[in-house]
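I have placed the structure first, in the form of structure tokens, so that the comments after it can refer back to it.
All heavy atoms count here, side chains included; hydrogens, waters and symmetry mates do not. All figures in this text were calculated on a predicted structure; none of them were measured in a lab.
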Amino acid sequence: GLLLLAGEEVERQGSKNYALYGQESTGSTYQLARMNMFLHGRDSARLEWGDTLNNPLLVEDNHLMKFDNIVANPPFSLKKWGAEHAESDKYKRFWRGVPPKDKGDFAFITHMVETLKPKTGRMAVIVPHGVLFRGGSEGSIRKQLLKENIIDAVIGLPAGLFQTTGIPVAILVIDRSREEGGENEKNKDVFFIEASKEYKPNKAQNILEEKNIDRIYSTYKKRKDTEKFARKVSLKEIEDNDFNLNITRYVDTFEEE
């Protein structure tokens, strides 16, 4: 579904010239995805069945394929994701550090960064908030990504948006055009949006309405500070905060009783 929406967005921007690729480890989900593509007339999409972290299958000439845009909603804090094989990864994806063996969040993020086109590729990934502030090897990887200047934005979403979990989540936007030599290398900040109150309550799960999405998206595009909602933060300030990306540390949401 996410892949189809991404394709629709490309078409809405006026281009029919694109290809869709994906990989899924759960057999039933993979088959559903293929059927979904067929029903939407996207039979040419290349979907692979396998474990992205331990056996990436989107490969050409023994190299990982590189993409313009990547989107994902990976499983949160996946246990037993394959940390024991990370050091010997033949694609050397984990050079920034090996994530903890019982939390695979940064393994997915690392894989995505390594499969983006250098100096141009962009990605958006849904993560649990722990990714923004946990220490140890995760802290080291986060610090390295910030040093590379490729973390573009952190968008905090409301709790209860997903059927599978009630926890609040965030979108991490990574943009490799901010690398040295990329066209946005002068951007030396991270844009924080605290959108945890932007939703319509519902019995089963909370809903992001069109007006909520519009507010978040237009704020991201303008990249301007908005009181109690969004703030552009220098890398220096983040470094002073020990490379912690916890949103409420930077966006003051305090309301007088």
Side-chain angles (χ1 to χ4, degrees), residues 52-53 64 69-79 81-83 85-87 89 91-119 121-157 165 167-180 182 184-196 220 223 230-251:
T52 307
L53 299 181
L64 293 170
N69 295 289
I70 302 179
V71 287
N73 178 9
F76 294 158
S77 303
L78 183 68
K79 293 175 170 50
W81 60 268
H85 309 304
E87 292 276 5
D89 176 46
Y91 301 110
K92 312 226 174 342
R93 285 171 294 172
F94 303 102
W95 61 270
R96 292 177 188 85
V98 177
K101 63 176 187 291
D102 60 345
K103 288 189 179 68
D105 304 305
F106 267 104
F108 286 107
I109 294 167
T110 296
H111 169 80
M112 291 169 75
V113 173
E114 292 299 298
T115 50
L116 284 175
K117 287 185 179 171
K119 298 184 177 50
R122 298 167 70 225
M123 64 178 252
V125 56
I126 296 173
V127 296
H129 279 264
V131 161
L132 306 175
F133 57 78
R134 288 192 297 244
S137 60
E138 292 181 295
S140 306
I141 299 167
R142 190 172 58 246
K143 176 179 175 179
Q144 177 60 33
L145 292 169
L146 284 160
K147 292 274 192 192
E148 289 167 52
N149 190 38
I150 57 176
I151 296 183
D152 184 54
V154 181
I155 303 167
L157 295 178
T165 176
I167 65 169
V169 298
I171 300 175
L172 194 59
V173 181
I174 290 179
D175 184 358
R176 290 194 64 168
S177 75
R178 293 170 47 128
E179 290 174 335
E180 208 173 313
N184 291 311
E185 68 173 323
K186 290 189 178 69
N187 294 2
K188 304 284 188 191
D189 52 56
V190 178
F191 193 55
F192 289 86
I193 300 178
E194 209 296 282
S196 63
Y220 170 73
R223 219 174 169 83
R231 185 168 160 244
K232 196 155 64 168
V233 180
S234 70
L235 289 177
K236 171 78 173 72
E237 183 178 340
I238 293 169
E239 190 172 343
D240 290 345
N241 276 311
D242 206 18
F243 301 98
N244 185 318
L245 293 177
N246 205 356
I247 301 166
T248 50
R249 189 170 277 227
Y250 304 103
V251 182

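Arg96 is linked by a side-chain hydrogen bond (donor to acceptor under 3.5 Å, both in side chains) to Glu114, Glu148, counting only residues two or more places apart in sequence or in another chain. Applying the side-chain hydrogen bond (donor to acceptor under 3.5 Å, both in side chains) criterion to Lys92, with sequence neighbours excluded, gives no partner residue. With sequence neighbours left out, the side-chain hydrogen bond (donor to acceptor under 3.5 Å, both in side chains) criterion links Asp175 to Ser177. Phe106 is linked by a ring pair (Phe, Tyr, Trp, His ring centres under 6.0 Å) to nothing, counting only residues two or more places apart in sequence or in another chain. Asp242 pairs by the salt bridge (Lys or Arg N to Asp or Glu O under 4.0 Å) definition with nothing, not counting sequence neighbours. Residues meeting the salt bridge (Lys or Arg N to Asp or Glu O under 4.0 Å) test with Lys117, sequence neighbours left out: Asp68. Every side chain to side chain contact (heavy atoms under 4.5 Å, CB included) that Ser196 has, sequence neighbours left out, goes to Glu194. Phe191 is linked by a ring pair (Phe, Tyr, Trp, His ring centres under 6.0 Å) to nothing, counting only residues two or more places apart in sequence or in another chain. With sequence neighbours excluded, the residues that form a salt bridge (Lys or Arg N to Asp or Glu O under 4.0 Å) with Arg134 are Asp105, Glu138. Not counting sequence neighbours, the partners of Lys188 by the side chain to side chain contact (heavy atoms under 4.5 Å, CB included) test are Asn149, Leu235. In terms of the salt bridge (Lys or Arg N to Asp or Glu O under 4.0 Å) criterion, residue partners of Glu237 (sequence neighbours excluded) are, by chain and number, Arg231. Residues meeting the side-chain hydrogen bond (donor to acceptor under 3.5 Å, both in side chains) test with Arg223, sequence neighbours left out: Asp152, Asp189.
Going from atom OG1 of Thr248 over to atom NE2 of His129 covers 8.5 Å, rounded to the nearest 0.5 Å. The OG atom of Ser234 sits 7.5 Å away from the CG atom of Asp240 when rounded to the nearest 0.5 Å. From Ile150, atom CD1 reaches atom CG of Leu116 across 7.5 Å, with rounding to the nearest 0.5 Å. Remark: Ile151 CD1 to Lys143 NZ distance equals 13.5 Å, nearest 0.5 Å. Distance CG/Leu157 to CD1/Ile167: 11.5 Å, rounded to 0.5 Å. The structure places CG of Asn246 at 10.0 Å from CG of Asn241, a figure rounded to the nearest 0.5 Å.
Here Lys236 does not pair with Glu239 in a salt bridge; the nearest charged N to carboxylate O distance is not below 4.0 Å.
Arg122 places no side-chain N or O within donor-acceptor distance of the main-chain N or O of Ile70, the cut-off being under 3.5 Å. Within the 3.5 Å criterion, the main-chain N or O of Pro100 finds a donor-acceptor partner in the side chain of Trp81.
Between Ile126 and Phe76 the shortest side-chain heavy-atom distance falls below 4.5 Å. Between Ile238 and Val190 the shortest side-chain heavy-atom distance falls below 4.5 Å. Using a 4.5 Å cut-off on side-chain heavy atoms (C-beta onward), Arg93 and His111 make contact. The side-chain heavy atoms of Ile155 and Ile247, taken from C-beta on, include no pair separated by under 4.5 Å. Looking only at side-chain heavy atoms (C-beta outward), Ile193 and Tyr220 come within less than 4.5 Å of each other. Residues Thr110 and Trp95 are not in side-chain contact: their nearest non-hydrogen atoms beyond the backbone lie 4.5 Å or more apart. Side chains of Lys103 and Leu78 form no contact here, defined as non-hydrogen atoms less than 4.5 Å apart. Contact annotation: the side chain of Phe243 approaches that of Lys147 to within less than 4.5 Å [non-hydrogen atoms, C-beta and beyond].
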Quick one, Met123 with Val173, criterion side chain to side chain contact (heavy atoms under 4.5 Å, CB included). Give me CA distance, side-chain angles, the key distance, then yes/no.
CA-CA 6 Å; Met123 64 178 252; Val173 181; over 6 Å; no
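For the residue pair Val113 and Leu145, the shortest heavy atom distance occurs at CG2-CD2, 4.3 Å. Across every non-hydrogen atom of Ala230 and Val251, the tightest pair is N-CG1, 4.0 Å. Looking at every heavy atom in both residues, Ala124 comes nearest to Ile171 through CB-CG2, 4.1 Å. Across every non-hydrogen atom of Leu245 and Arg142, the tightest pair is CD1-CD, 3.8 Å.
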